[in-house]
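See below for the structure under consideration.
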Amino acid sequence: MIRIPRALLVTACLLCSFTPLSAQTKPVAWDTLARESQTILADYLRINTTNPPGNEFLAARFLKGILDREGIEAQILDTAELGPNRANLYARLRGNGAKRAIALVHHMDVVPATPSSWSIDPFSGAMKDGYIWGRGAIDMKGTGIAQLMAMIAIKRSGVPRTRDIVYIGNSDEELTSTGGLVFVSRHPDLLKDVEYLLTEGADNRVENGKVVYFAVGVAEKRTFWQRLTVNGVPSHGSRPTKENPVPRLVAALYKISQYETPLHVTPGVDKFFRDIARLYPEPQRGRLANVTAALNDPQSREWILSDVWWNAFLRNTISLTGLAGSNKTNVIPGVATADIDVRLLPDQDPAAFLETLKVVVGDTAVHFTTLLQPKTPLESPINTDLFHAIERAAHDREPSAFVTTPMETAATDRPTYRRLGITTYGFSPFLIPRPEIQRGMHGNDERLSVDNVGYGVHFLYDILRYAQ
Ligand SMILES: [Zn+2]
């Protein structure tokens with residue numbers, strides 16, 4: 001970045017109608033803002049947006065109320081398209097228009113919680129033992145509030161804005177993503193000036209209270225679920241026949257289970273392994289520093305693929321998950337089906353993969369049906385203003401930590417927005433130890449530390465400021 005002397009900037013701005021970049025910025029009272037953000041998050045967690053049915057309209061109204069009070073224009077959208085008590089939320093804080101906008105996106109719905117498995121009411125928003133408890137604290141109402149309060153802090157403090165900041169709350173991410181899909185298809189006009197978008201899709205790595213790395217998700221696997229069907233002739237189980245569809249299906253599934261998908265290193269994954277190499281001693285360090293070469297060496301390959309995450313970063317994966325034949329032991333069924341969870345690397349051709357799978361099975365009696373079409377491929381560029389802003393804000397906090405780019409193996413709403421050409425990143429502003437993510441996210445006793453709330457607001461505030 002070239003630093004321009006302030007005097008020059010002021011002179012330049014006399015010639016244009018933009019807010020001068022030298023405008024006075026008011027200091028932020030971070031402790032007060034953190035407490036305010038904690039209270040708002042607790043209130044947000046009390047709104048039960050379990051999906052199904054969602055009821056995100058209540059959440060949208062809650063967020064709009066806060067935005068209205070701050071004088072930030074906000075709209076509740078898509079109520080007719082999304083169905084009863086559902087909605088998307090959209091807000092925009094204007095900049096001077098010199099650069100394109102940044103969008104902060106979260107989903108307002110949460111997955112179901114089983115209260116009997118929790119040590120506290122999952123919709124209490126209780127503050128206890130240094131945590132704010134509730135379904136959605138991590139996934140992802142906590143991030144939604146950190147985004148909201150960072151945007152509000154930018155406005156209150158009068159940080160000069162060259163970019164608009166767009167704030168979006170979507171419905172239904174946890175089930176079928178209709179919120180994001182409807183928003184993108186109905187409101188491309190609201191997104192046409194958006195250059196960057198931040199939402200979920202990567203977690204910072206913290207160990208023993210220390211940041212190992214900050215993570216920006218630039219890529220995600222593409223879900224390509226398949227159902228295999230074999231038809232047969234129903235008959236009595238006491239007299240085995242060749243028309244029993246079950247053994248035929250089982251033979252196909254066995255072949256799939258033995259099939260090893262090719263290994264393939266995508267750019268973001270290559271960077272991820274090069275970045276984390278420094279955390280390991282030799283010979284692991286050398287292997288990770290050049291993962292493509294390491295995958296050609298049997299011993300190195302075995303070590304790398306023994307990590308279930310790394311294995312998923314490096315290939316298309318297939319998990320055999322659902323199976324259905326007869327529901328009576330003495331009846332040969334007329335049909336047998338199996339569902340398989342296929343996840344493709346972002347740069348793979350789904351049709352070609354399906355053809356390969358059919359060759360692997362080698363039985364035309366096995367029919368394939370696509371249950372879920374893959375979303376738009378997601379592999380975002382790294383050399384951007386926003387990525388550099390994240391690096392700078394991360395470095396402010398932990399000079400010894402680095403920013404890297406793990407792949408998301410599950411699915412988010414990012415590809416839906418990527419379709420419009422927006423550079424989308426997965427970014428969490430919090431420092432949450434892995435066991436807490438593992439336990440809380442879609443599990444029980446989901447909670448976010450009180451300290452994380454203020455940390456996340458400040459982190460996002462700095463990123464938004466540096467990206468101007
Ligand atoms: Zn989520």
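Read the numbers this way: they start at 1 and go in the same order the structure lists the ligands and their atoms. Because the structure is a prediction, the values reported are computed rather than measured.
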Worksheet, complete the sentence: In Asp139, the N/O/S atom nearest the Zn ion (ligand 1) carries the name OD1
Item to complete: With ring-ring contact (aromatic ring centres under 6.0 Å, His included) as the test, would you mind laying out the steps for Tyr280 and Phe273 before giving the verdict?
Response: CA-CA 11 Å; Tyr280 293 81; Phe273 284 120; 9.4 Å; no
Practice prompt. Look at the N, O or S atoms of Glu174, main chain and side chain alike, and state whether any lies under 2.8 Å from the Zn ion (ligand 1).
Written response: no
Discussion item. Would you say the Zn ion (ligand 1) has Glu200 as a near neighbour, meaning an N/O/S atom of that residue under 2.8 Å away?
Written reply: yes
Worksheet item: With a 3.5 Å cut-off and no angle check, do the side chains of Thr424 and Arg414 form a donor-acceptor pair?
Response: no
Item to complete: Indicate yes or no: does Asp275 engage Lys271 in a salt bridge with an N to O separation below 4.0 Å.
Response: yes
Practice prompt. Please determine which of Tyr466, Phe214, Phe430 meets the ring-ring contact (aromatic ring centres under 6.0 Å, His included) test together with Phe459.
Written response: Phe214
